[in-house]
Amino acid sequence: MNAQTRHAAALLRISLGLVYLSHGLLKLIVFTPAGTAGFFESLGLPYFLAHFTIWFEILGGLALILGFKSTLVAITLLPILVGSILWVHGANGWGFNNAGGGWEYPAFLMATSLAVALLGNGAFAVESLKPLRSISPASA
């Protein structure tokens, strides 16, 4: 992967991580875990799934921002988006500006997650850092 592609992959990865992080924090801080769980239950989903979703969005978002296991994290976050289409936005039509929000935005996030999974970390990832013990005095 050339430098330009690595930087583009990093930009995509970090942007996606910020979206997941902000969605998780929205559920945690604004809607609250109890409110989010209540909404999930109103959809027929189990209470615990709300807490799982909140923390996975937050931790997954942070992992993407840092560039830690980006391929695995991006793939593992896909079921949250599939669920948001099936249980929340799917019946509201395509446009996210429709009442209740359509499925356009979660579909875009799915495509972006797949792109990050295929591209990997890109530049500026913590996984790319060399451990200090691997740097020999001769190379310093």
Side-chain angles (χ1 to χ4, degrees):
M1 183 182 302
N2 66 32
Q4 185 176 9
T5 305
R6 287 178 36 77
H7 286 91
L11 176 62
L12 187 64
R13 181 196 84 230
I14 293 166
S15 300
L16 182 64
L18 288 169
V19 170
Y20 279 118
L21 177 62
S22 66
H23 281 225
L25 290 174
L26 180 70
K27 290 174 181 76
L28 179 67
I29 297 168
V30 177
F31 301 140
T32 74
T36 302
F39 177 69
F40 274 46
E41 285 183 319
S42 76
L43 299 171
L45 297 169
Y47 183 90
F48 78 89
L49 195 57
H51 296 277
F52 172 81
T53 300
I54 290 168
W55 290 110
F56 209 77
E57 285 180 342
I58 291 171
L59 296 174
L62 288 172
L64 288 170
I65 291 166
L66 295 172
F68 180 74
K69 304 290 183 195
S70 297
T71 296
L72 177 65
V73 171
I75 289 171
T76 308
L77 285 164
L78 285 173
I80 292 173
L81 297 167
V82 171
S84 76
I85 291 173
L86 293 176
W87 279 278
V88 182
H89 302 292
N92 301 333
W94 168 253
F96 204 70
N97 62 336
N98 293 348
W103 56 277
E104 141 192 33
Y105 188 62
F108 175 75
L109 292 177
M110 286 176 69
T112 307
S113 293
L114 288 171
V116 167
L118 291 169
L119 289 168
N121 284 325
F124 314 115
V126 295
E127 284 190 303
S128 300
L129 299 176
K130 291 183 179 182
L132 292 177
R133 66 181 175 275
S134 71
I135 300 173
S136 67
S139 65

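- Two residues are said to be in side-chain contact when any heavy atoms from C-beta on lie closer than 4.5 Å; Asn121 and Val126 fail this criterion.
- Applying the side chain to side chain contact (heavy atoms under 4.5 Å, CB included) rule to Glu41 yields the partners Tyr47; only residues at least two apart in sequence or on another chain are considered.
- Here the side chains of Tyr105 and Val19 are in contact, with some heavy-atom distance below 4.5 Å.
- With hydrophobic clusters built from ILVMFWY side chains whose heavy atoms lie under 4.5 angstrom apart, Leu43 shares a cluster with Ile85.
- To the nearest 0.5 Å, the span separating CG on Leu12 from OG1 on Thr5 amounts to 12.0 Å.
- Residues satisfying the side chain to side chain contact (heavy atoms under 4.5 Å, CB included) criterion with Asn92, sequence neighbours excluded, are His89.
- Counting heavy atoms from C-beta on, the side chains of Leu16 and Leu77 never come closer than 4.5 Å.
- Considering every non-hydrogen atom in both Gly120 and Ala9, the closest pair reads O-CB, 4.4 Å.
- In this structure, Phe40 is not a member of the same hydrophobic cluster as Leu26, with clusters built from ILVMFWY side-chain heavy atoms closer than 4.5 Å.
- Members clustered with Ile54: Ile14, Leu18, Leu21, Leu25, Leu28, Ile29, Trp55, Ile58, Leu62, Ile65, by chain and number, using a 4.5 Å side-chain heavy-atom cutoff among hydrophobic residues.
- When every heavy atom of Pro79 is checked against every heavy atom of Ile75, the shortest pair comes out as CD-O, 3.6 Å.
- Val73 is not listed as a side-chain neighbour of Phe68, based on a closest heavy-atom distance of 4.5 Å or more.
- Here the straight-line distance linking atom CZ of Arg6 with atom CG of Leu11 works out to 14.0 Å at 0.5 Å rounding.
- Closest approach of Arg13 to Ala125, counting heavy atoms only: NH1-CB, 3.9 Å.
- Nearest heavy-atom pair, Ala37 versus His51, reported as atom, atom and distance to 0.1 Å: CB-NE2, 4.2 Å.
- Following chains of ILVMFWY side-chain contacts shorter than 4.5 Å, one can reach Leu86 starting from Phe56, so the two form part of one hydrophobic cluster.
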List the steps and the verdict of side-chain contact (heavy atoms from CB on, under 4.5 Å) for Leu81 and Phe108. CA-CA 10 Å; Leu81 297 167; Phe108 175 75; over 6 Å; no
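- Side-chain contact between Asn98 and Trp103: absent, with no pair of heavy atoms (C-beta onward) separated by less than 4.5 Å.
- Across Glu57, Met110, His23, a single residue satisfies side chain to side chain contact (heavy atoms under 4.5 Å, CB included) together with Ile80, and that is Glu57.
- Atoms CG and CG, from Leu119 and Leu114 in turn, are 11.0 Å apart once rounded to the nearest 0.5 Å.
- Between the CG atom of Leu64 and the NZ atom of Lys69 there is a distance of 13.5 Å, given to the nearest 0.5 Å.
- For the pair Gly102 and Phe96, the tightest heavy-atom approach, listed with the atom from each and the gap, is O-CD1, 3.0 Å.
- Checking side-chain atoms of Ser42 against main-chain N and O of Phe39 turns up a donor-acceptor pair under 3.5 Å.
- Between the side chain of Ser84 and the backbone N or O of Pro106 there is no donor-acceptor pair closer than 3.5 Å.
- One hydrophobic cluster holds both Val88 and Trp94 under the rule that ILVMFWY side chains link at heavy-atom gaps under 4.5 Å.
- His7 places a side-chain heavy atom less than 4.5 Å from the side chain of Phe124.
- Hydrophobic clustering places Leu78 together with Phe52 (ILVMFWY residues linked when any side-chain heavy atoms are closer than 4.5 Å, directly or through intermediates).
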